[in-house]
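All figures in this text were calculated on a predicted structure; none of them were measured in a lab. Proteins come first, then strands; the chains are lettered A, B, ... in the order of their sequence lines, and each starts at number 1.
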Amino acid sequence: MELYANLLLGFGEAFTLTNLLYCFVGVALGTAVGVLPGLGPIATIAMLLPLTFQLPATSALIMLAGIYYGAQYGGSTTAILINLPGESSSVVTALDGYQMARQGRAGTALFTCAVGSFFAGTVATFLIAGFAPGLAAVALTFGPEEYFSLMILGLAASIALAHGSLIKAVAMVVLGLLLSTIGKDLYTGTARFNVELVIGNFPIIEKNDFSDGVEFVAIVMGVFGMAEIVRNLENEQTRSVLAEKIKSLIPSREEARQIIGPILRGTGLGAVLGILPGGGAMLASFAAYSFEKRISGKPQEFGKGTIEGVAAPEAANNAGAQTSFIPMLTLGIPSNPVMALMIGAMIIKGVTPGPNVVVDQPALFWGLIASMWIGNVMLLILNLPLIGMWVRMLRVPYRLLFPVVVGVCCIGVFSVRNDLFDVYLMAGFSLIGYVLIKFGFEMAPMLLGFVIGTMLEEYLRRAMLLSRGDPFVFFQNPKSATMLIIAFLALAISLIPTITKTREEAFKE
Amino acid sequence: MRIGNPKDFFGGAILVLIAATMGVGVVDLPIGSASRMGPGYFPALLCIVLGFLGAVIMLNGLRHSEEKLERTSWRALILIVLPIVFFGYSLRRLGLAPTLGITVFVTSMASQQWNAVQSALLAGGVVVCGWLIFIKGLGLPIPTFGPVLNPLIDIMRVQASAAETGCLSCLADIAHSYSAAAAISSVLI
């Protein structure tokens with residue numbers, strides 16, 4: 001019953017003209033960004049963060065969220081039509097989807113994607129609505145030890161699910177934590193790492209440039225936006241847009257029957273994997289495809305144009321994208337970089353992320369959830385009839401796209417604090433980010449570490465204060481101990497050679 | 001000492017460097033004890049862990065492996081990072097329009113399929129949209145054309161009014177403004 005009242009509140013909030021507009025802008029932008037290879041939701045959300053200052057918190061989050069799950073829809077369009085996945089989560093969709101297009105069944109593939117994603121989105125919305133408040137209520141009983149261990153668990157899980165070398169991912173998390181300590185110390189107000197760098201007579205870093213810490217938007221834009229652009233330019237290729245003609249959209253009755261199972265399975269798998277830190281849309285789609293292939297009666301058909309190979313990952317990536325909001329909204333822990341950005345946006349708007357959000361800001365919480373469903377409806381409408389338009393967008397060459405991104409990021413990062421130093425910071429982090437990526441380090445764990453760092457330290461200090469310096473308190477507390485053990489297991493398991501090979505294979509595909 | 005895996009070796013080295021640099025910054029801070037952690041405790045702890053991990057990765061890099069460093073595109077790197085630095089330097093001096101325009105134009109050269117005319121048009125478009133969104137729309141406190149360009153603006157203004165009135169003595173003013181233009185170069189440097 002309370003669920004009903006809450007949903008009513010949410011829909012009331014989401015159905016205002018402003019919020020509907022921002023939802024539409026968000027999902028439309030998201031689709032566009034998903035369609036365009038080389039530009040992803042992370043960079044787009046980072047670019048739009050400064051613009052959301054003017055907006056109320058709910059509208060800002062609605063729009064930014066729309067970009068994320070909208071991108072999952074858009075990415076599949078190009079994956080199917082021209083074998084170029086616009087989003088990392090659409091890579092598997094291209095495997096069978098493009099083959100279907102070449103067999104003249106592009107319309108059916110696109111329809112399957114849209115319907116599957118819509119179903120998954122609806123289910124995910126209900127899951128969030130159902131579980132989140134309960135989860136938040138449990139979290140509210142947590143003391144500092146449990147919070148600390150929960151965050152460690154979150155970091156450990158995201159490391160375990162990260163690409164590439166485990167130890168490098170851990171190092172990146174630590175680096176992110178270290179960067180977050182720059183600035184004022186929370187308890188004593190002492191300045192940390194407040195350095196000055198003057199070469200000759202030329203000030204590079206002035207006296208109080210670091211007094212408020214490293215600006216979040218500067219890091220994100222530098223490391224995820226600019227460094228990514230440089231990487232894209234290294235592998236620059238011309239794209240030939242050979243869109244296949246799209247015939248009918250509606251699948252045959254036989255096909256419609258075939259996609260029910262995969263959509264259900266994909267939704268379930270995606271919903272679960274999305275919640276896991278480090279999970280999210282991409283992992284969900286990969287897992288759903290592999291699973292579907294494994295349980296299929298005809299696994300050799302996969303990769304040649306099976307409709308199941310399209311339905312399952314598409315449902316999974318949309319479910320995963322939405323359920324990844326749960327840890328962020330209920331516990332204040334980001335499960336992937338996009339959620340880290342959302343947390344950043346919330347902090348900028350003055351909303352402290354954590355279990356309190358459900359209680360203190362019900363309009364924000366339920367409005368966001370309701371708008372997710374509305375967004376899915378909009379996407380269903382946007383994606384089917386307007387496909388031609390999206391495909392035409394692909395003709396925009398990357399060489400015209402990326403300078404705009406650079407320019408927008410420059411003004412954007414400046415406008416956060418009206419501080420030119422942030423622009424230099426962004427340049428610096430583009431360089432650092434590029435170098436680190438070149439040496440095989442992942443940026444996502446660093447961002448997670450950076451966002452969590454302040455909270456982690458706070459809970460650590462508080463717990464140690466209460467326990468008078470006894471580090472074993474984390475193990476004496478049962479909930480905390482459980483979480484730490486799970487964290488340890490997660491890391492340990494991913495170190496086992498067989499698992500390592502599976503990870504590599506999974507990520508290589 | 002043969003470096004089998006340059007990625008790991010140099011990657012780890014960078015981490016050790018970062019840990020050491022930040023470690024230097026931490027030394028001054030009071031560390032306190034476990035029960036009453038000073039501001040330096042957590043950063044110091046992290047520096048040690050990072051340095052340790054970096055060393056492990058470095059050691060790993062001494063083992064032979066097939067991973068080679070991919071070739072770097074210096075063109076892309078320089079033409080993305082430097083325009084950003086230029087942007088920071090010039091925003092308040094030249095104003096939004098020239099700075100944004102130059103930044104977008106120069107950075108577009110990072111692409112190997114660069115086309116001068118298209119880039120120029122693109123830069124123009126971005127400047128107009130940027131002006132609309134950020135200065136008109138959001139009211140950002142940056143001048144559209146900065147103080148360094150003021151002498152140039154004065155010249156144009158004087159020339160325009162001289163053309164209107166056909167005034168001869170105005171020519172003297174123009175000469176005066178041109179000498180002020182010499183000031184631009186000195187201010188820019």
Side-chain angles (χ1 to χ4, degrees), chain A residues 51 53-54 165 167-168 170-171 174-175 177-178 181 185 187-188 190 192-193 195 226 229-231 233-234 236 238 397-400 402-404 406-411 414-415 418 420-424 426-427 430-431 434-436 438-441 457 460-461 464-465 467-471, chain B residues 7-8 10-11 14-15 18 22 25-26 29-30 33-40 42-43 46-47 49-50 53-54 56-57 60 67 69-70 72-73 76-77 80-81 83-85 87-88 91-92 96 100 103-105 107-108 110-115 118-119 122-123 126 130 134 138 140-141:
Chain A
L51 287 177
F53 292 161
Q54 314 284 326
S165 153
I167 190 171
K168 283 184 178 174
V170 177
V174 176
L175 179 61
L177 292 172
L178 196 52
T181 62
D185 172 35
Y187 280 93
T188 62
T190 328
R192 295 200 282 204
F193 299 113
V195 293
M226 307 291 108
I229 292 181
V230 181
R231 291 285 284 178
L233 288 172
E234 276 185 342
E236 210 172 351
T238 25
Y398 190 64
R399 68 168 188 274
L400 293 181
F402 80 85
V404 180
V406 175
V408 171
C409 283
C410 282
I411 317 185
F414 168 76
S415 66
N418 279 348
L420 287 174
F421 182 63
D422 291 340
V423 182
Y424 295 129
M426 184 171 87
S430 327
L431 196 57
Y434 175 76
V435 168
L436 286 174
K438 215 135 188 84
F439 285 120
F441 293 97
E457 181 183 7
L460 177 67
R461 284 166 92 156
M464 293 303 255
L465 203 68
S467 73
R468 271 170 271 233
D470 174 21
Chain B
K7 259 196 200 177
D8 283 1
F10 290 112
I14 292 180
L15 290 182
I18 295 178
M22 303 207 64
V26 158
L29 295 171
S33 65
S35 65
R36 309 195 116 258
M37 290 185 184
F42 197 55
L46 292 173
C47 280
V49 174
L50 187 64
L53 289 172
V56 171
I57 296 177
N60 210 25
E67 283 191 73
L69 219 54
E70 302 138 15
T72 319
S73 167
L77 188 61
I80 300 268
V81 177
I84 300 178
V85 177
F87 187 89
L91 188 62
R92 289 231 155 89
L96 181 66
L100 189 57
T103 306
V104 171
F105 187 75
T107 203
S108 72
S111 163
Q112 286 168 342
Q113 297 153 16
W114 176 61
N115 179 313
Q118 288 182 356
S119 291
L122 185 71
V126 172
F134 286 97
L138 296 178
L140 222 56

So, taking the atom named [atom1] in [X] and the one named [atom2] in [Y], what distance separates them when rounded to the nearest 0.5 Å?
X: B:Thr72; Y: A:Arg231; atom1: OG1; atom2: CZ; value: 9.5 Å
X: B:Phe42; Y: B:Cys47; atom1: CZ; atom2: SG; value: 11.0 Å
X: B:Leu100; Y: B:Phe134; atom1: CG; atom2: CZ; value: 9.0 Å

Non-hydrogen atoms of chain A under 4.5 Å away: do they reach the side chain of [X], the backbone, both or neither?
X: B:Pro83; result: neither
X: B:Leu122; result: side chain
X: B:Leu77; result: both

Under a 4.5 Å heavy-atom cutoff, which of [options] has the most pairs with chain A?
options: B:Pro141, B:Gly40, B:Gly88; value: B:Gly88
options: B:Thr103, B:Leu96, B:Leu91; value: B:Leu91
options: B:Val85, B:Val56, B:Ile84; value: B:Ile84

Please classify the contact of [X] with chain B as side chain, backbone, both or neither, using a heavy-atom distance under 4.5 Å.
X: A:Val170; result: both
X: A:Glu457; result: both
X: A:Leu400; result: both

Report the C-alpha separation of B:Gln118 and A:Arg399 in whole Å, then their side-chain angles, then the decisive distance to 0.1 Å, and conclude whether the side chain to side chain donor-acceptor pair (under 3.5 Å) test is met.
-> CA-CA 10 Å; B:Gln118 288 182 356; A:Arg399 68 168 188 274; 2.6 Å; yes

State whether the side chain of [X] and the backbone N or O of [Y] hold a donor-acceptor pair below 3.5 Å, judged by distance alone.
X: B:Thr107; Y: B:Val104; value: no
X: B:Ser111; Y: B:Ser108; value: no
X: A:Lys168; Y: A:Phe439; value: yes

Heavy-atom pair count under 4.5 Å with chain B, highest-scoring of A:Thr181, A:Val423, A:Leu178 = A:Leu178

Which one, A:Leu460, A:Ile411, A:Val408, A:Ile229, leads in non-hydrogen pairs under 4.5 Å with chain B?
-> A:Ile411

In terms of heavy-atom contacts, B:Val81 and A:Ser430 come closest through CG2-CB, 4.3 Å

